[in-house]
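Here is the structure we will look at.
Lettering of chains follows the sequences in order, A, B, ..., and the numbering in each one begins at 1.
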Protein chains: 2
Amino acid sequence: MNLSGRLLDAFLALVEAGRFSVAAERCHVSSSAFSQMISRLEESVGAKLFDRNTRNVSLTPEGEAFLVGARRIVAEMEASMRHLSERAALRLGRVSVAGPPSLAADWLPARLAEYRRCFPDVLVRLHDVVSNQCLEMISSGEVDFGLNAQRGNALEYETELLFNERMFLVCRHDDPLAGRKRVRLADLKKRSFIHTVRSGSVWQQLAGMLAPIGVADSGLEVSQFGTLAGLIAHGFGISVVPEYSVQLCKRPELRAMPLADAQATRPIYMVRRSRRSLSVAAQTLWDRLLESRAVSAGA
Amino acid sequence: MNLSGRLLDAFLALVEAGRFSVAAERCHVSSSAFSQMISRLEESVGAKLFDRNTRNVSLTPEGEAFLVGARRIVAEMEASMRHLSERAALRLGRVSVAGPPSLAADWLPARLAEYRRCFPDVLVRLHDVVSNQCLEMISSGEVDFGLNAQRGNALEYETELLFNERMFLVCRHDDPLAGRKRVRLADLKKRSFIHTVRSGSVWQQLAGMLAPIGVADSGLEVSQFGTLAGLIAHGFGISVVPEYSVQLCKRPELRAMPLADAQATRPIYMVRRSRRSLSVAAQTLWDRLLESRAVSAGA
DNA sequence: GTTCTTTACGACCAACGTAAGCATT
DNA sequence: AATGCTTACGTTGGTCGTAAAGAAC
């Protein structure tokens with residue numbers, strides 16, 4: 001059995017037209033070819049489908065029986081093709097992205113909103129997760145891609161640097177450092193330091209930078225930037241947060257200042273599974289985010 | 001778009017096998033040809049369906065989307081093919097036959113029962129109707145074919161003589177004719193005659209035979225043979241019925257005798273629409289009935 | 001005679017297989 | 001080096017169109 005869409009179209013055309021010549025024209029083939037197509041179809045289904053007497057063409061009982069199935073088959077074919085082309089045209093689809101809480105608060109939503117304006121029929125999901133979880137979700141396919149400060153295993157993940165995010169000191173307004181024009185990592189020496197959780201990328205980033213300087217460990221470790229802000233406001237110490245997290249720490253009694261050191265940045269990568277295609281919807285979003293690289297936060 | 005069953009089979013095989021070489025073997029083609037088939041499919045659906053990296057083959061998001069549709073399409077194809085072949089194998093189907101009440105009582109049921117024994121999954125319907133109605137049902141396609149004493153319009157109907165049915169005199173046991181060895185049409189002269197309804201073929205047949213002889217019209221005209229028997233039993237007159245109707249007139253006080261005249265027969269034809277195929281089930285029954293022609297009631 | 005389908009036949013394109021190529025492990 | 005998908009290329013078979021034949025009215 002080898003039913004082709006072409007043959008089924010011919011079959012339905014002949015049923016509807018009732019004449020070979022008309023149906024042939026509708027299928028854009030010569031009536032000779034059309035006649036052969038019907039013959040082939042009859043041979044491949046193993047039954048005479050039409051009674052034809054030069055003047056009249058009508059379905060045999062077997063043809064009637066086949067008609068229902070043929071209609072269903074071409075309907076399914078058309079539906080499948082339509083579905084695919086609507087996906088391709090971004091009139092259908094779904095994109096899931098994972099990103100760190102800092103970017104998930106403002107930077108990403110702004111760009112996702114713009115994407116949704118362009119392709120309102122594409123479902124967009126955003127997961128705010130810590131770094132390790134982000135890689136897992138990418139690996140498992142739970143999200144199409146993610147934004148992350150770690151690039152993960154080079155064999156498993158494919159990455160593009162999106163931008164380097166500057167790190168900011170956050171302290172009370174009455175902190176000695178609050179009045180300074182320039183703050184450097186070295187200025188944090190011996191200061192009581194509040195960490196974010198170890199699984200997040202911020203901790204992992206800071207650990208390397210602060211170790212040679214020698215800060216005093218406050219013993220506090222929080223996961224939410226809001227909590228961090230509260231602790232700082234109540235005098236438990238100071239902290240360093242990435243640029244896009246500063247917004248989440250805003251309090252009247254706090255101040256945030258960029259660290260002047262060149263190394264006081266963390267990279268944000270776009271990360272996806274290697275050797276795996278993205279859906280059209282996801283690839284489009286990926287490309288748009290990459291484009292925004294140039295115009296977004298610097299150095 | 002030109003999806004062929006072959007290409008869809010290849011697609012599903014590759015999804016299941018996960019490797020080109022294995023899937024190719026399962027489809028009985030070289031891996032080269034198989035690779036080309038997948039390429040053609042991807043081109044015709046307008047989307048990359050697989051991510052392939054020499055070692056691993058996996059569906060793209062678009063491939064996943066297409067998979068559901070592809071499964072449905074091949075399932076419908078297989079169902080259609082199976083349906084047709086089951087019809088062809090007479091493991092499925094329906095035959096409707098029309099026949100005169102006389103044959104519908106015994107002769108036809110006997111043969112239909114035998115047919116059902118051979119093909120228990122084929123639905124058999126029998127309509128007992130008068131002659132004109134029989135032709136109408138054939139013409140409209142309400143029945144596949146019919147048994148009838150009239151052949152109908154030669155352009156519209158195709159007929160085969162099934163047999164010639166002898167006509168029987170039915171009278172009371174104390175009727176003068178009841179004791180006779182041989183009864184002839186001429187013996188019915190001036191006898192009170194009970195007719196069957198004019199739309200039936202019996203009336204149409206008898207009218208021609210009785211006119212030259214001159215019977216006395218009883219004024220009675222019945223449609224059921226049971227009624228006819230009752231009237232004769234109560235002395236309203238005599239009648240002539242076809243051989244296979246005699247059974248329906250049986251009463252202790254009645255006698256039935258074949259008419260000796262050669263012309264005292266009526267033909268029974270098998271009638272079908274001309275230029276129209278019968279379903280496999282109907283054609284098979286048609287052939288079987290024709291075969292039984294030789295062994296059934298004679299000239 | 002006219003109209004419409006089918007058959008005949010030559011041309012062409014598409015699909016297959018063999019074998020070489022290329023990438024990944 | 002070995003495995004496995006892809007590309008190259010020659011061959012074959014299937015499909016199409018032109019033209020003639022055949023059937024129905």
Side-chain angles (χ1 to χ4, degrees), chain A residues 1-45 48-60 63 153-158 273-277, chain B residues 1-45 48-60 63 153-158 273-277:
Chain A
M1 78 103 156
N2 185 18
L3 300 178
S4 73
R6 196 168 170 63
L7 254 44
L8 291 173
D9 281 342
F11 173 75
L12 293 184
L14 183 53
V15 170
E16 281 160 34
R19 270 187 284 174
F20 273 72
S21 49
V22 177
E25 196 171 1
R26 192 183 301 177
C27 291
H28 311 292
V29 293
S30 70
S31 32
S32 156
F34 190 85
S35 175
Q36 295 174 46
M37 286 167 74
I38 296 297
S39 298
R40 277 204 307 280
L41 179 64
E42 288 181 324
E43 190 182 3
S44 83
V45 302
K48 188 153 159 280
L49 298 174
F50 292 96
D51 282 316
R52 31 216 204 264
N53 316 281
T54 312
R55 291 288 169 185
N56 291 311
V57 177
S58 60
L59 283 168
T60 62
N153 178 347
L155 269 89
E156 191 172 359
Y157 302 100
E158 203 177 299
R273 269 193 292 188
S274 57
R275 297 179 301 269
R276 285 279 209 162
S277 297
Chain B
M1 79 99 156
N2 185 18
L3 302 178
S4 73
R6 196 167 171 64
L7 255 44
L8 291 173
D9 282 341
F11 174 75
L12 293 185
L14 183 52
V15 170
E16 281 160 34
R19 271 188 284 173
F20 273 70
S21 48
V22 177
E25 195 171 0
R26 192 184 301 178
C27 291
H28 311 293
V29 292
S30 70
S31 36
S32 156
F34 190 85
S35 176
Q36 295 175 45
M37 285 168 74
I38 296 297
S39 298
R40 276 205 307 280
L41 179 64
E42 288 182 324
E43 190 183 3
S44 84
V45 304
K48 188 153 159 280
L49 298 174
F50 293 97
D51 281 318
R52 30 213 203 267
N53 317 283
T54 311
R55 289 290 169 187
N56 291 309
V57 177
S58 60
L59 283 168
T60 61
N153 178 348
L155 270 90
E156 191 172 358
Y157 302 100
E158 203 176 298
R273 270 194 290 188
S274 57
R275 297 179 300 270
R276 284 278 209 163
S277 298

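Contact check for A/L59 versus A/V15: side-chain heavy atoms found under the 4.5 Å cut-off.
Side-chain N/O atoms of A/S35 include one lying less than 4.0 angstrom from OP1 or OP2 on C/dT6.
Ring planes of B/F50 and B/F11: tilted class, angle from 30 to 60°.
To the nearest angstrom, P of D/dA23 lies 17 Å from CG of A/N56. As a whole-Å value, the separation of B/D51 CG from C/dA23 P is 18 Å. The CG-C1' distance, from A/L14 to C/dT5, rounds to 11 Å in whole Å. In this structure, B/M37 places its CE atom 13 Å from P of D/dT6, rounding to the nearest Å. Atoms CD (A/Q36) and P (C/dT6) sit 10 Å apart, rounded to a whole Å. As rounded to whole Å, 14 Å separates atom C1' of C/dA23 from atom CZ of B/F20. The CZ atom of B/F34 sits 15 Å away from the P atom of D/dT7 (whole-angstrom rounding). Here D/dT15 presents its C1' atom at 14 Å from CD1 of A/I38, a figure rounded to the nearest Å.
A donor-acceptor contact under 3.5 angstrom links the side-chain atoms of A/S32 to the base of D/dT18.
A/R52 comes within 4.0 angstrom of sugar-phosphate atoms only, judged by non-hydrogen atoms across all strands, and of no base. Here A/S21 lies in heavy-atom contact (under 4.0 Å) with sugar-phosphate atoms only.
Taking 4.0 Å as the cut-off between side-chain N and carboxylate O, B/R275 and B/E158 do not count as a salt-bridged pair.
Considering only the side chain of B/A33, C/dG17 comes nearest among C/dT24, C/dG17, D/dC16. When the nucleotides C/dC16, D/dG4, D/dC16 are ranked by their closest atom to the side chain of B/R40, C/dC16 comes out on top. With distances taken from any side-chain atom of B/R19 to the nucleotides D/dT18, C/dC16, D/dC5, the minimum falls on D/dC5. Out of C/dA23, C/dT5, D/dG17, the shortest distance to the side chain of B/T54 is found at C/dA23.
Checking A/T60, A/N56, A/D51 one by one against B/R276, the side chain to side chain contact (heavy atoms under 4.5 Å, CB included) holds for a single residue, A/D51.
Around the CZ atom of B/R26, the shell of radius 6.0 Å holds more than 12 heavy atoms that belong to other residues, nucleotides or ligands.
Toward the 5' end of DNA chain D, the nearer of the two residues B/V22 and B/R275, judged by each one's closest nucleotide, is B/V22.
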